[in-house]
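The structure appears right after this line, and notes come after that.
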Amino acid sequence: MTTSTICILIAIIAYLALVLGIGIVFSKQNKTTGDFYLGGRKLGPFVTAMSAEASDMSSWLLLGLPGVAYATGLADAFWTAAGLAVGTYINWLILAKRLRKYTVACKDSTTLPVFFSNRYRDDKRILSALAAVVIIVFFIPYTASGFAACGKLFSSLFGIDYFAAMLLSAVVIVCYTALGGFLAASTSDFLQSIVMTIAIFVVLGYGFATAGGVGNVMENAQSLAGYFSLTSIHDAATGTAGSYGLITIFSMMAWGLGYFGMPHVLLRFMAIEDAAKLKLSRRIASVWVVISLGVAIFIGIVGNAMSKVGVIGSLDDPETIVIAIATAISQHGVLAALVAGLILAGILAATMSTADSQLLAASSSVSENLIKEIFFKNMSEKAAMIIARVSVVVISIIAIFIARDPNSSVFEIVSFAWAGFGAAFGPVMLLALFWKRSNKWGALSGMLVGGVMIFVWKFLIRPMGGAWNIYELLPAFIVALIVNVVVSMLTPAPTQDMVEEFEQVQKECKEN
């Protein structure tokens, strides 16, 4: 190994040891499954905000978004980022406080499936079971994609076997998650958001410095047809500009709808210690998202200019742009190599911060919403904690099996799972919180139709192309919302106690 490679390895190992230590520290604070899955609702405003956004952005922030900007220019990256930024702000603005208060009012619900059943007085727990199945279906492969991303990073950097690298990453994630639960995941996510922030700013600064400055970067971007436009897209193969119409813009911005149904983000709203502090969390989260997304896009644009001046080579895979820049930084001495290691740890952090949250959400669905609620209702807290930790391990083993192929797709799975949660849970969540006429049958049908529509649109309708080539989240969300409303209106109205509970939560939200 070269000196730079050793320094990078030291930085990454130090980071992994730190997150493992966090899991050990918090393992003693998990006395109940409520502590394990929701941290006893003890999160402060900064940890709530940054852990939510770190678990949300994943490695897509440091690999996917810069890669899109590098290859095709501003339009695709900008409109996707705009949808995510708007969705983030609206989610914090209208959902966060009401969800925090409503989940407490509904028998102190600690997971989304439990909240749905408690909200609609679903004594048979059909809603809870269906929601748990949706989470398992979309989160296990989502978790596998995170394991795969970690494996590919280590394998490409150090030339070690992909499966061994992926397995090592998975073991670290599983250990601190199974030991420390939600508090460990949230605290490590907070730390990971800091590492990610440092990484993107260092990469951007180095990129501008070595690409010839801002002027040269802008000159390069404007010289490529359609590259620096919001209404056209650059085709690198032909050197021409492609059209980017309103349908495509709305399709990309539809990513923002996913936030209303994203379990690992919504759980942070439920876990904050004081609902009054959510306003501060919203401001922190919104500012960080806008800045980080903007910087990530410019990394791709700067990276294209760096390729032109020979600082980095032309990339076969645009999504390796940050890795290429970090590798270039590592060639400038020991200190620079350690900084490069920090940047690459940022990529690892982005991946791990999502994988741990997904792992907890999936395991809670198995242990709490299926095993405990349906089969063993009188289970003791000690037994429930054992089942919770065993569920984390079992789900991880399944995810490792799925991720065993080094050629497995990462970002296609992320996009599909995001759409799945957005369409299955988003309309149900909005109507549960803001429409007192909604009922169990509307929620059940909306959740089922939303999940099914994702598959129908993705595999049957979207391949037709043309006007049908719309991100599956948008049509599935609309159809699920309509079905939920129509079925609720055609079936019996909610009971009086459900209406009173709704009105009480609404009153508390207005007063505070």
Side-chain angles (χ1 to χ4, degrees), residues 57-85 149 152-153 156 196-242 244 248-249 252-253 255 288-329 340 343-344 346-347 350-351 410-412 414-415:
M57 288 300 168
S58 73
S59 54
W60 179 84
L61 179 68
L62 292 174
L63 298 179
L65 189 59
V68 169
Y70 174 92
T72 64
L74 190 60
D76 224 13
F78 175 84
W79 290 116
T80 302
L84 290 172
K152 289 176 182 179
L153 174 64
S156 62
M196 290 160 63
T197 303
I198 295 172
I200 60 176
F201 275 103
V202 170
V203 167
L204 184 65
Y206 178 81
F208 272 125
T210 56
V214 177
N216 195 51
V217 170
M218 293 296 103
E219 183 180 339
N220 175 72
Q222 291 167 357
S223 70
L224 302 172
Y227 193 85
F228 208 61
S229 169
L230 295 178
T231 56
S232 58
I233 190 167
H234 178 67
D235 186 339
T238 62
T240 59
Y244 205 88
T248 308
I249 289 174
M252 290 296 98
M253 290 197 70
W255 274 77
W288 186 83
V289 163
V290 170
I291 292 174
S292 62
L293 289 174
V295 171
I297 291 172
F298 269 99
I299 286 174
I301 294 172
V302 171
N304 192 290
M306 293 173 71
S307 291
K308 294 295 170 58
V309 299
V311 177
I312 59 176
S314 181
L315 302 176
D316 294 329
D317 182 359
E319 292 178 348
T320 61
I321 178 63
V322 173
I323 297 175
I325 296 175
T327 303
I329 292 174
I343 294 168
L344 295 168
I347 298 176
T351 305
V410 174
F411 296 106
E412 279 294 318
V414 170
S415 172

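Any value given below was found using the heavy atoms of this structure, including those in side chains, with hydrogens, waters and symmetry copies removed.
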- [ ] Please report the C-alpha distance between Met306 and Ile299 in whole Å, then the side-chain angles of each, then the deciding distance to 0.1 Å, and finally whether the side chain to side chain contact (heavy atoms under 4.5 Å, CB included) criterion is met.
- [x] CA-CA 10 Å; Met306 293 173 71; Ile299 286 174; over 6 Å; no
TODO: Kindly determine whether Val68 and Thr80 satisfy side chain to side chain contact (heavy atoms under 4.5 Å, CB included), including the steps that lead there.
DONE: CA-CA 10 Å; Val68 169; Thr80 302; over 6 Å; no
Task: Check against side chain to side chain contact (heavy atoms under 4.5 Å, CB included), Thr210 and Val309 - done: CA-CA 9 Å; Thr210 56; Val309 299; over 6 Å; no
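Side-chain contact between Asn220 and Ile301 is absent, with no heavy-atom pair separated by less than 4.5 Å. With contacts defined as side-chain heavy-atom distances shorter than 4.5 Å, the pair Ser292/Val295 does not qualify. Residues Phe78 and Met252 are not in side-chain contact: their nearest non-hydrogen atoms beyond the backbone lie 4.5 Å or more apart. Within the 4.5 Å cutoff, no side-chain heavy atoms of Tyr70 are placed close to those of Val302.
Taking the side chain to side chain contact (heavy atoms under 4.5 Å, CB included) definition, one finds that Ala71 meets it with Pro318, sequence neighbours left out. Applying the side chain to side chain donor-acceptor pair (under 3.5 Å) test to Ser232 and every residue at least two apart in sequence or in another chain returns Ser229.
In this structure, Ile312 CD1 and Ile325 CD1 are separated by 5.0 Å, a value rounded to the nearest 0.5 Å. If you take CD1 on Ile323 and CG on Leu344, they are separated by 6.5 Å, rounding to the nearest 0.5 Å.
Of the listed residues (Thr231, Leu84, Leu230), just one forms a side chain to side chain contact (heavy atoms under 4.5 Å, CB included) with Trp79, and that residue is Leu230.
What you find for Ile343 and Ala326 is that their closest heavy atoms are CG2-CB, 3.9 Å. Pairing each heavy atom of Ile321 with each of Gly67, the nearest pair is CG2-N, 4.1 Å. The nearest pair of heavy atoms linking Ala328 to Val311 is CB-O, 4.4 Å.
Checked by atom type and distance alone, the side chain of Asn216 pairs as donor or acceptor with a backbone atom of Ala211 at under 3.5 Å. Asp235 places no side-chain N or O within 3.5 Å of a backbone atom of Thr240 that could act as its donor or acceptor partner. No donor-acceptor pair under 3.5 Å is formed between the side chain of His234 and the backbone N or O of Gly73.
Within a 6.0 Å radius of CD in Gln222, other residues, nucleotides and ligands contribute more than 12 heavy atoms.
A side-chain donor-acceptor contact under 3.5 Å links Tyr244 and Asp76. Side-chain N/O atoms of Tyr227 and Thr72 include no donor and acceptor closer than 3.5 Å.
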Output side-chain donor-acceptor pairs under 3.5 Å for residues 201-209, partner residues at least two apart or in another chain, one line each.
from: Tyr206; atom 1: OH; to: His332; atom 2: NE2; distance (Å): 3.0

